[in-house]
2 protein chains.
Amino acid sequence: MSAGHTAVTTPVAGEPVITCETPQDECGVRDVLDRLGDKWSVYVVVELAAGVLRFKELQRAIPGDISQRMLTLTVRRLERDGLVKRTVHPTIPPQVEYELTDMGHSLTHLVKTLADWSIAHRPAIAAARETWDAAHPDSDVR
Amino acid sequence: MSAGHTAVTTPVAGEPVITCETPQDECGVRDVLDRLGDKWSVYVVVELAAGVLRFKELQRAIPGDISQRMLTLTVRRLERDGLVKRTVHPTIPPQVEYELTDMGHSLTHLVKTLADWSIAHRPAIAAARETWDAAHPDSDVR
DNA sequence: CTGCATCCGTACGGATACTG
DNA sequence: CAGTATCCGTACGGATGCAG
């Protein structure tokens with residue numbers, strides 16, 4: 001192969017092909033991961049998939065104690081990307097509701113796929129890790 | 001709803017439900033993201049999906065100039081998780097080949113789904129961003 | 001070629017205090 | 001309640017040098 005990219009070494013049958021037209025192309029994958037790969041975004045999507053939530057509700061619903069700051073940031077970014085809609089009711093005390101947009105809802109299928117794969121392979125991965133860790137007692141890889 | 005979790009506020013029709021049995025459960029999603037959410041793992045999977053590659057080949061194939069250190073780390077972690085198989089040919093100079101395991105190959109479908117979603121919604125997201133950025137001239141959210 | 005060790009800058013995220 | 005502002009520690013990742 002001339003200039004190395006997406007090597008066609010040993011094409012596997014029945015395998016979806018992820019095509020990167022040009023070298024140095026990110027195949028679109030990097031995009032999604034930059035958006036959902038952070039610590040909290042998926043959780044926001046998951047919780048909002050079930051329905052409209054207020055700020056505090058969202059914060060309580062998300063597993064793992066998200067800080068107020070992080071929830072604000074996360075939800076703002078999702079809003080900026082058109083995945084979440086934010087509506088403010090100018091009452092006292094203020095009430096702000098968050099919900100997924102249509103595009104946001106389309107994400108749900110994606111997340112479901114992720115969750116399914118994870119759950120299906122969790123045991124196998126755990127096993128692989130144990131084996132590897134046993135074979136490599138002192139390694140900083142982790 | 002008593003103690004807030006996975007609120008059942010406004011269930012949406014025809015929407016996959018991501019169930020978290022217990023509060024503070026990560027629904028399995030965090031697992032995958034911890035594994036593929038980093039900067040390079042997906043690329044390794046994508047390139048190896050096409051066939052067996054040596055270290056240098058892999059490095060050249062991946063878009064965005066991955067450092068040698070990062071490629072080593074990434075590939076080691078994937079190996080630890082049982083997603084990548086590493087075979088060493090004790091020659092001079094050394095020759096090391098990387099390939100996906102069966103489980104690794106099962107990831108390809110997942111990645112394809114990600115890529116597809118990304119490409120499909122890229123324009124919409126770009127538009128949403130422009131709108132938002134215009135409406136919020138001075139914001140550190142980005 | 002493949003890989004480890006080391007150093008170092010930055011970006012991400014947590015904690016806290018303060019405002020409308 | 002729903003934020004904003006600030007400070008601060010750490011983990012991630014890049015650059016470089018050395019070794020089998």
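Being a predicted model, the structure only gives us computed values, none of them experimental.
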Check your understanding: Can A/S41 and A/D38 be counted as having a side-chain donor-acceptor contact under 3.5 angstrom?
Key -> yes
To the nearest Å, how far apart are [X] [atom1] and [N] [atom2]?
X	N	atom1	atom2	result
A/R69	D/dA2	CZ	C1'	16 Å
A/I66	D/dA2	CD1	C1'	14 Å
A/H89	D/dC1	NE2	P	17 Å
A/L53	D/dC1	CG	C1'	15 Å
A/F55	D/dC1	CZ	P	11 Å

[Y] backbone acceptor or donor facing [X] side chain under 3.5 Å:
X	Y	result
A/R80	A/V75	no
A/T108	A/H105	yes
A/E57	A/R54	yes

Point to revise | By side chain to side chain contact (heavy atoms under 4.5 Å, CB included) - contacts of B/E130 (at least two apart) | key: none
Review point. Nearest nucleotide by nearest heavy atom, which residue falls closer to the 5' end of DNA chain C, A/R77 or A/P93?
Key: A/R77
Review point. Quick one: which of D/dT4, D/dG17, D/dG14 gets closest to the side chain of B/Q68?
Key: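 Closest nucleotide to the B/Q68 side chain: D/dG17.
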Point to revise | 5' precedence on DNA chain D between B/D140 and B/M70 (nearest-nucleotide basis) | key: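 With B/D140 and B/M70 compared, the 5'-side residue is B/D140.
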Check your understanding: How are the rings of A/W117 and A/H121 set to each other: parallel, tilted or perpendicular (split at 30° and 60°)?
Key ->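 A/W117 and A/H121: parallel rings.
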Check your understanding: Looking for any heavy atom pair under 4.0 Å, which part of the strands does A/R54 touch: base, sugar-phosphate only, or nothing?
Key -> sugar-phosphate
Practice item. At the 4.0 Å heavy-atom cut-off to chain B, mark where contacts on DNA chain C begin and end, going 5' to 3'. Key: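 The footprint of chain B covers C/dC1 to C/dT6.
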